[in-house]
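These figures come from a predicted structure and were not determined experimentally. Both backbone and side-chain heavy atoms feed into the values below; hydrogens, waters and symmetry mates do not.
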Amino acid sequence: MGSLPPSLDLPSPNAKSQQIDQTTLLNLFKSQQNHLNYFFQNLDLSQTLTFTQTLLHCNGTIFFSGVGKSGFVANKISQTLISLGIRAGFLSPLDALHGDIGALSASDILVLFSKSGNTEELLRLVPCAKAKGAYLVSVTSVEGNALTAVCDMNVRLPLERELCPFDLAPVTSTAIQMVFGDTVAIALMGARNLSKEEYAANHPAGRIGKSLIFKVKDVMKKQNELPICKEGDLIMDQLVELTSKGCGCLLVIDEEDHLIGTFTDGDLRRTLKASGEAIFKLTVGEMCNRNPRTIGPDAMAVEAMKKMESPPSPVQFLPVIKDDNILIGIITLHGLVSAGL
């Protein structure tokens, strides 16, 4: 391979000037804070309340649309609403004019995000959306724009200026759009009395969802996976059972599957240290813990984790018992972590 041309190896003439110091960065953050404060201090809450109530009483789907950075914000807000169990979606203004507008109906609301309110793609979308009977709302920052003249409702997001030194790059305007949209989403969440369980049902793969959905019976080991033995069994005869099931313990039961106690690998080490060769004659029942922590199958899995970590000392497992102290499973810390809790 040939070498790069010498000109490409040379540093930029402006390399020394491409630096930023802490004071400059701090001043930028302070300026952005001031711009955001301007938004909060000048937002028309009456207008915002009317907008929020309109979304709350929507009988169809709440669609959001926008172009460029405002489009990304509109898409994100629609996803927030969806995650809260609210029917919502993002409608690309370009794709809408090539078939996607078929998703709109007379019972839907279309929210158009645009800083200037003069975005050509959105203005072309408006008459088509009106023909479908949708209710149109513009969310803009520049006063006297074209969208406000053609939509059914208008919300103004007060913008002092962009943080960009040229007042051009959409950074402050998109920040207030995001704050506005997500705050309205949480207001809708409260008005709809969304419970933790309902929220979790929309996030089953996340840690929050799993902690509110998974029960002990969903993640416990059972039947042939259980390291069980009888209290009369010799400790040394149960070493394979103790180590092969990956639970770090033995579950001691009687002939009717009542839980008698537990014997852990820690108990084995302590017994061996204290008894020496006498361990060959000791039974599991003689050395087991007859008062172990237990949990029921219908308890939440996160509750099991808390119980394992509670004083006086943490444990790595909990026997799962049902009525009359019948052993039906075991839940381990490793199993909970593997399940994403």
| query | When rounded to the nearest 0.5 angstrom, what is the spacing between CG in L242 and CD in Q238? | reply | 9.0 Å
| Within the distance-only criterion (no hydrogens, no angle test), does the side chain of S141 pair as donor or acceptor with the backbone N or O of L157 below 3.5 angstrom? | yes
| task | State, to 0.1 Å, how close N42 and Y38 come at their nearest heavy-atom pair, and which atoms those are. | result | ND2-O, 2.7 Å
| request: Search all heavy atoms of L336 against all heavy atoms of M308 and return the closest pair with its distance. | output: CD1-CE, 3.8 Å
| request: Find out whether L234 and L282 are in side-chain contact, i.e. whether some heavy atom of one side chain is under 4.5 Å from a heavy atom of the other. | output: no
| query | Do F317 and C247 come within less than 4.5 Å of each other through their side chains, counting heavy atoms only? | reply | no
| Nearest heavy atoms of K132 and L104, plus distance in Å | CE-O, 3.0 Å
| request: Answer whether the closest heavy-atom distance between the side chains of F39 and N37 falls below 4.5 Å. | output: no
| Between atom OG of S92 and atom CZ of F90, what is the distance when rounded to the nearest 0.5 Å? | 5.5 Å
| message | Tell me the closest heavy-atom pair linking S138 and L147, and the distance in Å. | response | CB-CB, 4.0 Å
| message | Quick test of your reading: applying salt bridge (Lys or Arg N to Asp or Glu O under 4.0 Å), list the pairs with at least one residue in residues 288-307, sequence neighbours left out, ordered by first then second residue. | response | K217-D298, E231-R290
| task | Drop me the distance from T294's OG1 to I321's CD1, to the nearest 0.5 angstrom. | result | 3.5 Å
| K222 side, atom NZ; L327 side, atom CG - distance, nearest 0.5 Å | 13.0 Å
| task | Kindly say whether L136 contributes a backbone atom to a donor-acceptor pair with the side chain of K130 at under 3.5 angstrom? | result | no
| Can you tell me if N27 and T24 form a side-chain donor-acceptor pair at under 3.5 Å? | no
Listing, residues 120-127 side-chain donor-acceptor contacts under 3.5 Å, not counting sequence neighbours, or none:
unit_1, atom_1, unit_2, atom_2, d
E120, OE2, R124, NH1, 2.9

Can I get a per-line list of side-chain donor-acceptor pairs under 3.5 Å for residues 257-268, giving both atom names and the distance, sequence neighbours left out?
unit_1, atom_1, unit_2, atom_2, d
H258, ND1, D254, OD1, 3.4
H258, ND1, D254, OD2, 3.1
T264, OG1, G266, N, 3.2
T264, OG1, D267, N, 3.0
T264, OG1, D267, OD2, 3.2
D267, OD1, R270, NH2, 2.7
D267, OD2, T264, N, 2.9

Show me, pair by pair, the donor-acceptor contacts under 3.5 angstrom made by side chains of residues 169-177, not counting sequence neighbours?
unit_1, atom_1, unit_2, atom_2, d
T172, OG1, Q32, OE1, 2.6
T172, OG1, L163, N, 3.0
S173, OG, E162, OE2, 2.6
T174, OG1, P170, O, 3.0
T174, OG1, V171, O, 3.1
Q177, OE1, S70, OG, 3.4
Q177, NE2, S70, OG, 3.2

| task | Return yes if some donor-acceptor pair links the side-chain N/O of N34 with the main-chain N/O of K30 below 3.5 Å, else return no. | result | yes
| task | List for me each residue that meets salt bridge (charged side-chain N to carboxylate O under 4.0 Å, His left out) alongside K230, sequence neighbours excluded, and say none if there are none. | result | E255
| message | Less than 3.5 Å apart, any donor N or O on the side chain of T283 or E286 sitting next to an acceptor on the other? | response | yes
| query | Of all residues at least two apart in sequence or in a different chain, which pass the side chain to side chain donor-acceptor pair (under 3.5 Å) check with K245? | reply | E241
| said: Would you compute the distance between atom CD1 of I235 and atom CG of L272 and round it to the nearest 0.5 angstrom? | reply: 9.5 Å
| Which residues share a side chain to side chain donor-acceptor pair (under 3.5 Å) with T61, sequence neighbours left out | none
| field | Closest contact, heavy atoms only, R156 versus L43 | value | O-CD1, 3.9 Å
| remark: The side chain to side chain donor-acceptor pair (under 3.5 Å) partners of N193 (sequence neighbours excluded) come to none
| query | Would you say the side chain of S83 lies within less than 4.5 Å of the side chain of Q79, judging by non-hydrogen atoms? | reply | no
| said: Could you check whether any side-chain heavy atom of V111 comes within less than 4.5 Å of a side-chain heavy atom of F51, counting everything from C-beta outward? | reply: yes
| said: Any non-hydrogen side-chain atom of T54 less than 4.5 Å from a side-chain atom of Y135? | reply: yes
| field | Pairwise side-chain contact, C151 with V137, heavy-atom cut-off 4.5 Å (strictly under) | value | no
| message | Can you list everything that forms a side chain to side chain donor-acceptor pair (under 3.5 Å) with T119? Sequence neighbours excluded, please. | response | S114
| task | For L251 and G329, work out which heavy atoms get closest and say how close. | result | CD1-O, 4.4 Å
| Could you give all pairs that pass the salt bridge (Lys or Arg N to Asp or Glu O under 4.0 Å) test and reach residues 76-104, with sequence neighbours left out? | K76-D182
| message | Are the side chains of V139 and L112 in contact, using a 4.5 Å heavy-atom criterion? | response | no
| message | Quick one about S105 and D108 (side-chain donor to acceptor, distance below 3.5 Å, no hydrogens or angles considered), yes or no? | response | yes
| task | Can you tell me which residue pairs pass the salt bridge (Lys or Arg N to Asp or Glu O under 4.0 Å) test with a partner in residues 31-43, sequence neighbours excluded? | result | none
| task | Working to the nearest 0.5 Å, report the span between OG1 of T140 and CG of N145. | result | 4.0 Å
| What residues, two or more places apart in sequence or in another chain, satisfy side-chain contact (heavy atoms from CB on, under 4.5 Å) together with T183? | V179
